[in-house]
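First comes the structure, then the notes that go with it.
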Amino acid sequence: MSEEHAEQRSENVLDELAAVIADRQAELPEDSYTASLFTHEKGENAVLEKIGEESTEVVLAAKDEDDALVAESADLVYHLLVLLAMEDVSLDELRAELRERR
Ligand SMILES: N=c1c2ncn([C@@H]3O[C@H](COP(=O)(O)OP(=O)(O)OP(=O)(O)O)[C@@H](O)[C@H]3O)c2ncn1[C@@H]1O[C@H](COP(=O)(O)O)[C@@H](O)[C@H]1O
């Protein structure tokens, strides 16, 4: 796969995930883990705790040169996208910030 194609695919999956998260936030279906984060009694703190835990798991997986690094990183990115949605920050804003640093 060319570098350009790899970049387009990864952008798409992040956009798709952000769209699913926005949908769960709006609809709050009962069987959705994402919706449960938006309705958690601890509010945003529940997501902040999750990000703390997942960050530690990423660090440990990297230190141990563990196979779990990719999966733990995906958990972290997912919970970060939920946090950004809670804070009303769009993926486009994140993209613009990263773009500016290039
Ligand atoms: N990417 C994710 C994703 N990553 C992690 N998780 C959930 O995050 C939770 C916490 O992960 P942990 O590794 O800490 O697992 P755990 O120790 O069992 O967690 P807890 O006991 O603390 O809840 C688990 O229940 C995972 O299933 C996710 N849940 C959902 N998504 C995406 O969100 C979409 C919508 O999901 P629903 O909202 O559940 O419909 C899915 O199709 C996926 O694309």
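Computed from a predicted structure; not experimentally measured. Positions are given from 1, in the same order as the sequence printed here. Both counts, for ligands and for their atoms, begin at 1 and track the order of listing. Keep in mind that the numbers below use all heavy atoms, side chains included, and drop hydrogens, waters and symmetry copies.
To the nearest 0.5 angstrom, Glu72 atom CD is 7.5 Å from Asp66 atom CG. Residue Glu53 holds its CD atom at 8.5 Å from NE2 of His79, rounded to the nearest 0.5 Å.
Across Ile21 and Leu81, no two heavy atoms sit closer than the pair CD1-CB, 3.6 Å. Considering every non-hydrogen atom in both Leu91 and Leu14, the closest pair reads CD2-O, 3.4 Å.
Counting non-hydrogen atoms of neighbouring residues, nucleotides and ligands closer than 6.0 angstrom, the CG atom of Asp64 exceeds 12 such neighbours. Atom CG of Asn45 has more than 12 heavy atoms from other residues, nucleotides or ligands within 6.0 Å.
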Contacts table for ligand 1: protein N or O within a distance under 3.5 Å of ligand N or O, distances only.
| unit_1 | atom_1 | unit_2 | atom_2 | d |
| --- | --- | --- | --- | --- |
| ligand 1 | 13 (O) | Asp75 | OD2 | 3.3 |
| ligand 1 | 14 (O) | Lys50 | NZ | 2.8 |
| ligand 1 | 14 (O) | Glu54 | OE2 | 3.2 |
| ligand 1 | 22 (O) | Lys50 | NZ | 2.6 |
| ligand 1 | 38 (O) | Arg24 | NE | 3.3 |
| ligand 1 | 38 (O) | Ser32 | OG | 2.5 |
| ligand 1 | 38 (O) | Thr34 | N | 3.0 |
| ligand 1 | 38 (O) | Thr34 | OG1 | 2.5 |
| ligand 1 | 39 (O) | Tyr33 | N | 3.0 |
| ligand 1 | 40 (O) | Arg24 | NE | 3.0 |
| ligand 1 | 40 (O) | Arg24 | NH2 | 2.9 |

